[in-house]
Amino acid sequence: MEDTFVLIKPDGIQRSMVGRIIQRLEEKGLQLRAMKMVWLDKEIVEELYPHLKEREFFPRLANFMISSPVLAMVWRGEGAVAATRKLLGSTDPQKAENGTIRGDLALAVGANLVHCSDSEENAAREIELFFSPEEMWDYEKSTEIWLREEPWQ
Ligand code: IDP
Ligand code: MG
């Protein structure tokens, strides 16, 4: 089982997309382990996006990310990191496939609704940035066997 970090960005909150985004993650079969509404500051944006700190658009990205509260979450499932990347679609919503969250619900790279981890290593780092172990729930769901490769086994 894998955990991934998902964050609904300020545009997702402002456009009332919280329910729709969570619905897609639930429908996929992922299990919600933790969620928290937070208001980011520039320091945590830099920790979330260390690979973008030197890019010319970073100040605009940081201003956007601190413009409204966001919803931070941990989702668990088989191959959760890759599955969630696919569910979100390409970074640029203009290039994201229809059927993905960004492809269906957004128009601009600077307002692409939602963040998710791009590797297991980054997922662990990002989760630690936002949640303590006590804030992440471990629990069984009776539907879990119906998401397995061989549910009848
Ligand atoms: P990801 O969100 O698909 O993982 P990253 O490359 O990690 O994509 O970029 C993080 C976020 O930074 C993107 O989701 C997007 O909001 C913003 N971003 C990335 N590239 C650009 C750009 O070229 N112009 C403006 N914003 C960008
Ligand atoms: Mg990224």
Side-chain angles (χ1 to χ4, degrees), residues 1-138 141 147:
M1 279 297 172
E2 229 168 76
D3 286 344
T4 194
F5 177 72
V6 178
L7 182 145
I8 301 182
K9 298 184 185 184
D11 53 333
I13 303 290
Q14 294 292 335
R15 293 181 56 211
S16 305
M17 293 289 179
V18 169
R20 263 169 283 191
I21 291 165
I22 289 175
Q23 183 167 11
R24 294 208 178 189
L25 295 158
E26 284 187 320
E27 283 169 344
K28 181 71 178 167
L30 296 166
Q31 182 190 17
L32 182 60
R33 291 199 64 200
M35 71 161 45
K36 189 193 283 183
M37 197 171 196
V38 286
W39 204 313
L40 305 185
D41 58 27
K42 288 209 168 142
E43 287 67 42
I44 201 159
V45 176
E46 285 187 9
E47 294 204 65
L48 186 62
Y49 293 135
H51 58 300
L52 299 175
K53 251 194 294 194
E54 309 305 326
R55 301 292 294 269
E56 60 79 26
F57 61 81
F58 187 78
R60 295 195 303 279
L61 171 63
N63 282 336
F64 162 66
M65 292 297 286
I66 66 169
S67 63
S68 164
V70 299
L71 190 68
M73 295 173 280
V74 179
W75 290 85
R76 169 169 278 185
E78 201 67 49
V81 172
T84 306
R85 291 296 292 182
K86 269 196 171 169
L87 221 50
L88 261 58
S90 296
T91 303
D92 181 353
Q94 296 283 347
K95 299 192 179 113
E97 300 287 338
N98 290 339
T100 64
I101 294 170
R102 289 164 169 172
D104 286 351
L105 305 175
L107 285 168
V109 69
N112 59 7
L113 289 173
V114 48
H115 163 88
C116 74
S117 312
D118 62 5
S119 65
E120 279 188 78
E121 189 189 9
N122 278 335
R125 193 181 60 77
E126 292 165 7
I127 288 167
E128 209 182 307
L129 212 51
F130 284 85
F131 295 99
S132 64
E134 304 78 56
E135 291 175 312
M136 303 211 304
W137 300 104
D138 245 320
K141 287 184 87 174
L147 293 158

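Any value given below was found using the heavy atoms of this structure, including those in side chains, with hydrogens, waters and symmetry copies removed. In each ligand, atom 1 is the first atom listed, and ligand 1 is the first ligand listed.
- Between Ile8 and Ile13 the shortest heavy-atom distance is CG2-N, 4.1 Å.
- The local environment of CD in Glu135 is crowded, with over 12 non-hydrogen atoms from other residues, nucleotides or ligands closer than 6.0 Å.
- For Asp41, there are no salt bridge (Lys or Arg N to Asp or Glu O under 4.0 Å) partners at least two apart in sequence or on another chain.
- The aromatic rings of His115 and Tyr49 sit perpendicular, their planes meeting at an angle over 60°, well past the 30° parallel limit.
- The side chain to side chain donor-acceptor pair (under 3.5 Å) pairs that include a residue from residues 85-105 are Arg24-Asp104, where partners are two or more places apart or lie in different chains.
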Show me, pair by pair, the donor-acceptor contacts under 3.5 angstrom made by side chains of residues 57-79, not counting sequence neighbours?
residue : atom : partner : partner atom : Å
Arg60   : NH1  : Glu56   : OE1          : 3.4
Asn63   : OD1  : Lys42   : NZ           : 3.2
Asn63   : ND2  : Pro59   : O            : 3.4
Ser67   : OG   : Phe64   : O            : 2.6
Ser68   : OG   : Gln14   : NE2          : 3.1
Arg76   : NE   : Asp3    : OD1          : 2.8
Arg76   : NH1  : Asp138  : OD1          : 3.0
Arg76   : NH2  : Asp3    : OD2          : 3.4

Enumerate, one pair per line, all nitrogen or oxygen atoms of ligand 1 lying under 3.5 Å from a protein nitrogen or oxygen, stating the separation to 0.1 Å; write 'none' if no such pair exists.
residue  : atom   : partner : partner atom : Å
ligand 1 : 2 (O)  : Arg102  : NH2          : 3.1
ligand 1 : 3 (O)  : Arg85   : NH2          : 3.3
ligand 1 : 3 (O)  : Thr91   : OG1          : 2.5
ligand 1 : 3 (O)  : Arg102  : NH1          : 3.1
ligand 1 : 4 (O)  : Arg85   : NH1          : 2.9
ligand 1 : 4 (O)  : Arg85   : NH2          : 3.2
ligand 1 : 7 (O)  : His51   : NE2          : 2.8
ligand 1 : 8 (O)  : Thr91   : OG1          : 3.2
ligand 1 : 14 (O) : Lys9    : NZ           : 2.9
ligand 1 : 14 (O) : Asn112  : ND2          : 2.8
ligand 1 : 16 (O) : Lys9    : NZ           : 3.1
ligand 1 : 16 (O) : Val109  : O            : 2.9

